[in-house]
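One-based numbering, in listed order, for ligands and for the atoms of each.
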Amino acid sequence: MRTVSWKPDGPAVRLIDQRKLPAEVTPIDLDTPEAVAEAIRDMAVRGAPAIGAAAAYALALAAATSQSKDVAGLWLELQTAADLLRAARPTAVNLGWCLDRMLRTAQAILASGLDEVKAALLAEAEKIADEDVAVNQAIGRFGAALLPPNATVIHHCNTGALATVDWGTALGVIRTAHESGQGIYVLVDETRPRLQGARLTAWELQQYGIPFEIIVDGAAGYFLQRGPVAAALVGADRVAANGDVANKIGTYMLALAARDNQVPFYVAVPTTSIDLSVPAGEAIPIELRPPGEVLELAQAGQPVSPPGSHAQNPAFDITPYRLVTAFITEVGVIRPPFETGLSDAVQRAGTG
Ligand code: MRU
C-alpha cells in the first residue's frame, strides 16, 4: 500500500496514519482538503515528498467535491484550499512545489470546463505520486553505488516509503543496497522528539528484513568515532541554492560528528526539494512545533519533565553545505561546488 493515494472509489485521500505506527497500520480516508491540511499539521502524514503528494491529492479532492457551477468559482476554491495546505507546514519546499504544479495544471485547462479541470487535477496528482516512486528508485540506484559491501550506515529521522509515496530517499538507498545483495546494516537515530527513527524507520527496516539497531541521537558521535561507519545518510526538507540543507533537527550535529571522523555525509533528495530561489539556509523557514512534544513522552501525554518546565522545539535545523560530501538525486550524484551542480540537476530534471 502506498503511503498516500486516492481512495479507489473516492473522492477521498487515503493515508497511512503515521501517528499510530508501529502499534497499528491504519489507513485513514480524508474527504475534505481541510482534513488533509490538519493531517499534515498533526503529522498523520509527514516527510517532505509525502506531504507534497498529499497536498496534490487534496487539491484534486477540492475540485472533485466542489459545488461551484462555473470555473471562476472553482478556481477561487482551489486557491483557498492551496493557501490552507501551503500553511500547514513551512519548511518542506515540496509542499509548495506540488501545489504550484497543481494550480498551473488547473489554470491551463480552466477554459475547457468544470469536468475537464476535475479530471486533469486527479490525473496530475496521480502523476506526481507515480513520479515520486520512480525518482526515489533512481536515487536508490545512484546512492547504493556509493556504498562499500557490508556497509554500516547511520540514518536520521524517517526517509523511507512512509516519508514519500513509496520506496524512500535515504532509506531508499539503504533498501536498494539491501535488495542488490551488497549487504547493509543500519544504526537508526531514534530522532527525538517524535521518534521517527525508533517508530517508523525501525518498522520499515523490519518489514524489509534489513538488520538494524536503534541508538539515541546523542550516541551517533560515539559510533562514528569507534567505527567503522561507511556513511551518514539523511534526506532533506529543502536544499538552498548554495547547498545548505534543512532537515530534521539533529542533522547538523550528525554532520559535524561525521566530518570530525572523516565519514562521508550524504544527502539523498529529489530535485523537487532543491529551492534555487533561496540563496542560503538562513532564509529557510524553520517550523517551531509545540513544546509538549519535548515535555511529554512521545504522544502518550506522559510527562518526562517537572511540571512548569518550558521547552523549545524547532523541528528542523540547517546543515551548512561545507559539511555535505555529496547530494544523491534522481539525475545523479552532485559533489562540490554545489551551486552549479544543484542548478544543473534541477534543469536536467525539469523540476525548476
Ligand atoms: O518532521 P518530519 O517527520 O516531516 O521530518 C521529515 C524529515 O526531516 C525527512 O528527513 C525529510 O522530510 C526527507 S523525507 C524523504
Could you check [atom] against the protein and tell me its nearest heavy-atom contact, residue, atom and distance included?
atom                    : answer
atom 9 (C) of ligand 1  : Asn247 OD1, 3.4 Å
atom 14 (S) of ligand 1 : Ala163 CB, 3.6 Å
atom 15 (C) of ligand 1 : Thr169 OG1, 3.1 Å
atom 11 (C) of ligand 1 : Asp237 OD1, 3.1 Å
atom 5 (O) of ligand 1  : Lys248 CE, 3.3 Å

Salt-bridge test for [X] and [Y]: reply yes if a basic N is under 4.0 Å from a carboxylate O, no otherwise.
X      : Y      : answer
Lys127 : Asp132 : no
Arg89  : Asp42  : no
Asp275 : Arg238 : yes

At a 4.0 Å threshold, what atoms of ligand 1 neighbour a non-hydrogen atom of [X]?
X      : answer
Arg89  : 1 (O), 2 (P), 4 (O)
Ala236 : 11 (C), 13 (C)
Gln196 : 1 (O), 2 (P), 3 (O)

Exercise. Do Asp166 and Asn136 come within less than 4.5 Å of each other through their side chains, counting heavy atoms only?
Worked result: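 A side-chain contact under 4.5 Å is absent here.
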Exercise. Hey, does Val234 have a side-chain heavy atom less than 4.5 Å from the side chain of His155?
Worked result: no
Exercise. For Pro49, is at least one N or O under 3.5 Å away from an N or O on ligand 1?
Worked result: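 So ligand 1 has no N or O lying under 3.5 Å from an N or O of Pro49.
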Problem set entry | Contact (N/O only, under 3.5 Å) between Ala48 and ligand 1 |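 Yes, since at least one N or O of Ala48 sits under 3.5 Å from an N or O of ligand 1.
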Exercise. Relative to Trp167, does Arg175 satisfy both conditions: NZ or CZ under 6.0 angstrom from the six-membered ring centre, and within 45 degrees of the ring's axis?
Worked result: yes
Give a yes/no on ligand 1: does [X] have at least one heavy atom closer than 4.0 angstrom to it?
X      : value
Ala92  : no
Met43  : yes
His156 : no

Exercise. Is the closest side-chain donor-acceptor distance between Gln182 and Asn150 under 3.5 Å?
Worked result: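 Looking only at side-chain atoms, Asn150 and Gln182 do not form any donor-acceptor pair under 3.5 Å.
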Problem set entry | Ring centres under 6.0 angstrom apart (Tyr185, Phe212) | no
For this session: For atom CD of Gln347, decide whether the heavy atoms of other residues, nucleotides or ligands shown that lie under 6.0 angstrom number more than 12.
Result: no
